[in-house]
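Every chain is numbered from 1 and lettered A, B, ... according to where its sequence line falls, protein lines coming before strand lines.
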2 protein chains.
Amino acid sequence: MSTTPGTLPEALAQRLADSGLRSTPQREIVYSVLLAKRDHPTADEVFARVKTDLPTISLATVYNCLETLVQCNLVRSVNFERGPTRYCPNLRPHAHFHDEQSGSTHDIDLPPELLEQVKHVLPAGYDAKSIEITFRGKAQPGAR
Amino acid sequence: MSTTPGTLPEALAQRLADSGLRSTPQREIVYSVLLAKRDHPTADEVFARVKTDLPTISLATVYNCLETLVQCNLVRSVNFERGPTRYCPNLRPHAHFHDEQSGSTHDIDLPPELLEQVKHVLPAGYDAKSIEITFRGKAQPGAR
DNA sequence: AGTGAGAATTGGAATTATTCCAAGGAATTT
DNA sequence: AAATTCCTTGGAATAATTCCAATTCTCACT
């Protein structure tokens, strides 16, 4: 009664309903495609994979479904920030804080020992040349 | 003898020369624009600012100069990875390791306590809803 | 079962960000 | 100063994403 084949779509339906949204074949298949091969596909790649099951789906729908899944916290988008690349000349080790209200980005200094600790989470065989840490949230207007 | 007005362009010239590149007015002004206002401007914004000093510069040159400065390690690009956004359904706290050779992206599990530590670098007034950590480098083919 | 309202999908056009390319200009080497 | 190489320019091309109007679907209510 709990591991029937219908379970996954139902869990998805529940999550969508929590956000006042509907479960649709398109959303289910997009989600299942992401679960089936966890290689961080692009929207275009998802589009290609979904089409084998649902040849009539449109790219716009794939974008819509992905956006929906991200908003329901079922999926994360890896390039968190859409839009143009930004540049900074601060070369000291620092993270970025992206203030969602104002859209501005602040530098956050990072103690070198923290960076070391972060590096230590890498399993053997991984050699990181750079680490990028980005926070998103609210910054009090007072904070710079 | 060391803080003359010519110092900054010369330092830039030195760095460029180290990479076998030339110092040009365009590169100097693009760099000075980045130093003058550290608000992580986009290429378009840099373009607009540079034009006040150098009205004939082209957008392509701004992109070229920014790329050059990034390659000389004088500037960092904040959206490290160009190209399409990628999606992953892994909701556990994890970082991403981007293998530059293969172009593939691996999930790296993050212990919750590390995330806490990372959060603690935020000064008062900053409230982070999410943290994104991305490594770039080489992964041994053996590593998954 | 039928209807109306709201939600979702579709295809295509539009926009945005970035890259490419060919031609001209400037600096460096011979 | 000729040759070579590097750089800049403008415009075209491409890639990623968003927008939009029309249609279709779904749900709730009769």
Practice prompt. Find the distance A/Arg27:CZ to C/dA7:P and express it as a whole number of Å.
Written response: 11 Å
Discussion item. Please enumerate all residues that pass side chain to side chain contact (heavy atoms under 4.5 Å, CB included) together with A/Glu81, with sequence neighbours excluded.
Written reply: A/Arg86, A/His98, B/Asn79
Provide a list of protein-nucleic acid N or O atom pairs under 3.5 angstrom, restricted to nucleotides 12-15 of chain C.
none

Discussion item. Donor-acceptor check, side chain of B/His40 to backbone of A/Thr105, threshold 3.5 angstrom: yes or no?
Written reply: yes
Worksheet item: In whole angstrom, what separates B/Arg86's CZ from D/dT17's C1'?
Response: 15 Å
Practice prompt. Round to the nearest Å and state the distance from A/Leu21 atom CG to C/dG6 atom C1'.
Written response: 13 Å
Worksheet item: On DNA chain D, nearest-nucleotide positions of B/Thr85 versus B/Thr61: which is more 5'?
Response: B/Thr61
Discussion item. Salt bridge check, A/Arg82 against A/Glu67: does any charged N sit closer than 4.0 Å to a carboxylate O?
Written reply: yes
Item to complete: Give the intermediate values and the outcome of side-chain contact (heavy atoms from CB on, under 4.5 Å) for residues A/Leu69 and A/Leu12.
Response: CA-CA 9 Å; A/Leu69 293 172; A/Leu12 169 61; 3.8 Å; yes
Fill in: Full working for side-chain contact (heavy atoms from CB on, under 4.5 Å) between B/Val78 and A/Thr134
CA-CA 9 Å; B/Val78 174; A/Thr134 306; 5.6 Å; no
Worksheet item: For A/Val62 and B/Asn64, take the nucleotide of DNA chain C holding the closest heavy atom to each; which residue's nucleotide lies nearer the 5' end?
Response: A/Val62
Fill in: Closest to side chain of A/Tyr63, choosing from C/dA8, D/dT9, D/dA16
D/dA16
Practice prompt. Ignoring backbone atoms, test whether B/Thr24 places a side-chain nitrogen or oxygen under 4.0 Å from the OP1 or OP2 oxygen of D/dT8.
Written response: yes
Worksheet entry | Integer-rounded Å distance: C/dT18 C1' and A/Asn79 CG | 14 Å
Item to complete: Take B/Cys88 and B/His96 through the test side-chain contact (heavy atoms from CB on, under 4.5 Å) and record every step on the way to the result.
Response: CA-CA 10 Å; B/Cys88 80; B/His96 290 112; 3.7 Å; yes
Worksheet item: Going by heavy atoms closer than 4.0 Å, what residues in residues 39-55 of chain A are next to DNA chain D?
Response: A/Asp44
Fill in: Exercise: do B/Gln117 and B/Glu113 side chains pair donor with acceptor under 3.5 Å
no
Worksheet item: B/Arg22 CZ to C/dT29 P: how many Å, rounded?
Response: 8 Å
Worksheet, complete the sentence: Rounded to whole Å, CD of A/Glu67 lies from P of C/dA8 at a distance of 13 Å
Worksheet item: Between atom CD in A/Glu28 and atom P in D/dT26, what is the gap in whole Å?
Response: 11 Å
Worksheet item: Just by modelled atom types, is the A/Arg22 backbone N or O under 3.5 Å from a matching donor or acceptor in the A/Arg27 side chain?
Response: yes
Worksheet entry | B/Glu81 CD to C/dT19 C1', straight-line distance once rounded to whole Å | 17 Å
Worksheet item: Is there a side-chain polar atom (N or O) of B/Arg82 under 4.0 Å from OP1 or OP2 of D/dA16?
Response: no
Discussion item. Salt bridge check, A/Arg49 against A/Asp39: does any charged N sit closer than 4.0 Å to a carboxylate O?
Written reply: yes
Worksheet item: Toward the 5' end of DNA chain D, which comes first, B/Leu59 or B/Gly20, by nearest nucleotide?
Response: B/Gly20
Practice prompt. Please determine if a side-chain N or O atom of A/Gln26 lies less than 4.0 Å away from the OP1 or OP2 oxygen of D/dC25.
Written response: no
Practice prompt. Using distance alone, with no hydrogens and no angle criterion, decide if A/Gln14 and A/Glu10 have a side-chain donor and acceptor under 3.5 Å apart.
Written response: no
